[in-house]
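Heavy-atom basis, side chains included; hydrogens, waters and symmetry copies ignored. Numbering of ligands and ligand atoms starts at 1, following listing order.
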Amino acid sequence: MNSTSTHQEFMNSITAKNIGETEFLQAVHEVSDTLLPFIEENPKYKHNKILERITEPERIIIFRVPWVDDSGIVQINRGYRIEMNSAIGPYKGGLRFHPTVNLSILKFLAFEQVFKNSLTTLPMGGGKGGSDFDPKGKSDQEVMRFCQSFMTELFRHISHVTDVPAGDIGVGGREIGYLFGQYKRLKNEFTGVLTGKGIEYGGSLIRPEATGYGNVYFADEMLKTKNESFKDKIVLISGAGNVAQFAAEKVTELGGKVVTLSDSSGYIYDPDGIDSEKLEYVMYLKNIKRGRIREYAEKYDVKYVDGKRPWIEKGDIALPCATQNEINEEEAKTLVENGCICISEGANMPSTPEAINVFLKHKVLYGPGKAANAGGVAVSGLEMTQNAIKMNWSREEVDAKLKTIMTDIHKTCIKYGKESDGFVNYLKGANIGGFVKVADAMMAQGVV
Ligand code: NDP
């Protein structure tokens, strides 16, 4: 049987077990497509059914989250925690609060997290969680009451040695603070049960910056293989949240010009570049005022395109930093035709399978999220270490460790992804590189 029919057979069985879970099936398809030939060459993984086991969550927790809004009306949301794989460490992965959250999206994120965490070289298993709660437009008091209710159920399933959540879309410093406060109150213990904490109560320096900075460090490593750099490059960034903001900061620091940012309503195009002063305004707009990116266009008198994504603009480098499936085939073709040489994913699974095929076919530098955005969870791992040894490292120390981790992930991708003509398939490299350590640990621990 050839590997295409083996893949089809495998996907048929996964599809039958996870009906309607589009995003999860998309992530499994993408990973298994590159892994199956490797597994055929290494039959020990096949005999131990590692792929079948790694695609089945160890545990899924789903719970009711009731809370009372500012007008005294009872609201009900649904909470989730997917404990995907603990072969190499406690479950680790963010919480997403967004109205689109469902089981499929969290399972895809938890699945990706297993490979990503393994790539960091740190001892972290994979997990993900969240709720269909939408923090947008809610008062701080409403967000606090929701977070307290969410943690009132979640606390019994997590601990600093079992499962350590962090932030993701809609969960930033404010939410982590409220979640941590409630956990501490319920458990009567002060432990590093969450990462992304405030610096006053056990957080790590550079954690807020880590995903965005790490993505730029990874892209820079890819560019170096072509004797290129960020200097004088035009850079398209999507999103305007945590990852996008710090990616933009680092690109500017390295001499690139960021011309776009976006949110779920549309994008702005600033031909003069979003320099550090303008970025400060974006941070105020998104993190404090909690406004819309459209307001940037009004303030600086630049173009705002409603309901569209920035990939139709001309740029040398693209850093998708908003959400899944935000670059489709058509947009990928436009990017390549417009001369884009490097796509490095700050978001998780931002490129559709068809878009990825376009990038691979044209042999541009394509850094998949599980490698390129692993800096966030890597510094979360460093936050766990600092909590465990009751020490705080300096900004410089953490940044240097982050840089080393991103460079090492890049090396792993080259090790497993370099093809005979010299082209580096980073997707293949990241999937195999992330898989091996988890698979070997699973085999060593027996059928559990
Ligand atoms: P934030 O909530 O800080 O920002 C998310 C940004 O993406 C906002 O600008 C938001 O716009 C936009 N966005 C969200 N959903 C959609 C959508 N459906 N369509 C279009 N735009 C959307 O989240 P983060 O910056 O933390 O996360 C961004 C991405 O990075 C996610 O894919 C996340 O999984 C990934 N990631 C994050 C890590 C972290 O450390 N935070 C680590 C690794 C990956 P709006 O304001 O309109 O909602």
Side-chain angles (χ1 to χ4, degrees), residues 23 27 92-102 105-106 108-113 115-117 119-120 126 128-130 132-137 165-176 194-196 203-204 206-215 218 237-248 260-268 282-283 285-287 289-296 306-311 319-328 344-351 367-381 383 402 406:
E23 294 83 2
K92 180 90 198 89
L95 296 171
R96 177 176 290 192
F97 292 169
H98 196 270
T100 56
V101 160
N102 58 35
I105 288 178
L106 294 180
F108 117 64
L109 289 163
F111 180 66
E112 288 280 298
Q113 197 81 44
F115 296 82
K116 182 189 309 192
N117 293 3
L119 282 169
T120 67
K128 200 85 190 187
D132 57 356
F133 172 76
D134 187 359
K136 274 205 280 288
D168 189 76
I169 292 179
V171 179
R174 174 182 62 171
E175 290 75 17
I176 292 290
L194 290 160
T195 60
S204 173
I206 299 285
R207 176 60 189 91
E209 294 88 339
T211 311
Y213 278 18
N215 184 26
F218 188 85
I237 297 186
S238 65
N242 171 265
V243 181
Q245 291 171 15
F246 288 106
T260 66
L261 285 174
S262 71
D263 60 20
S264 45
S265 310
Y267 78 90
I268 57 109
V282 173
M283 289 180 176
L285 178 65
K286 289 312 236 181
N287 310 346
K289 187 174 176 215
R290 296 183 193 275
R292 311 303 299 159
I293 201 66
R294 175 181 25 84
E295 296 168 55
Y296 178 104
D306 195 47
K308 288 262 181 343
R309 303 184 284 226
W311 318 124
L319 306 177
C321 297
T323 193
Q324 65 275 359
N325 292 327
E326 55 162 322
I327 304 183
N328 63 24
S344 191
E345 296 182 341
N348 286 306
M349 208 168 75
S351 311
K370 64 173 76 66
N373 72 36
V377 74
V379 174
S380 276
E383 181 174 330
L402 168 63
M406 298 316 294

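Closer than 4.0 angstrom to ligand 1 lie heavy atoms from Arg96, His98, Lys116, Lys136, Asp168, Ile169, Gly170, Arg207, Thr211, Gly239, Ala240, Gly241, Asn242, Val243, Ser262, Asp263, Ser264, Lys286, Arg292, Cys321, Ala322, Thr323, Gly346, Ala347, Asn348, Asn373.
Ion pairing between a basic and an acidic side chain is recognised when a charged N comes within 4.0 Å of a carboxylate O; Asp306 and Arg294 show no such pairing. A salt bridge links Lys370 with Glu112; the closest basic N to acidic carboxylate O contact falls under 4.0 Å.
Distance alone, capped at 3.5 Å, is enough to place a donor-acceptor pair between the Ser238 side chain and the Cys321 backbone. Side-chain atoms of Asp168 never come within 3.5 Å of backbone atoms of Arg96 as a donor-acceptor pair (strictly under, hydrogens ignored).
Between the side chains of Lys116 and Asn348, at least one donor-acceptor pair of N or O atoms lies under 3.5 Å.
Taking CG of Asp263 as the start and OG1 of Thr323 as the end, the distance is 12.5 Å to the nearest 0.5 Å.
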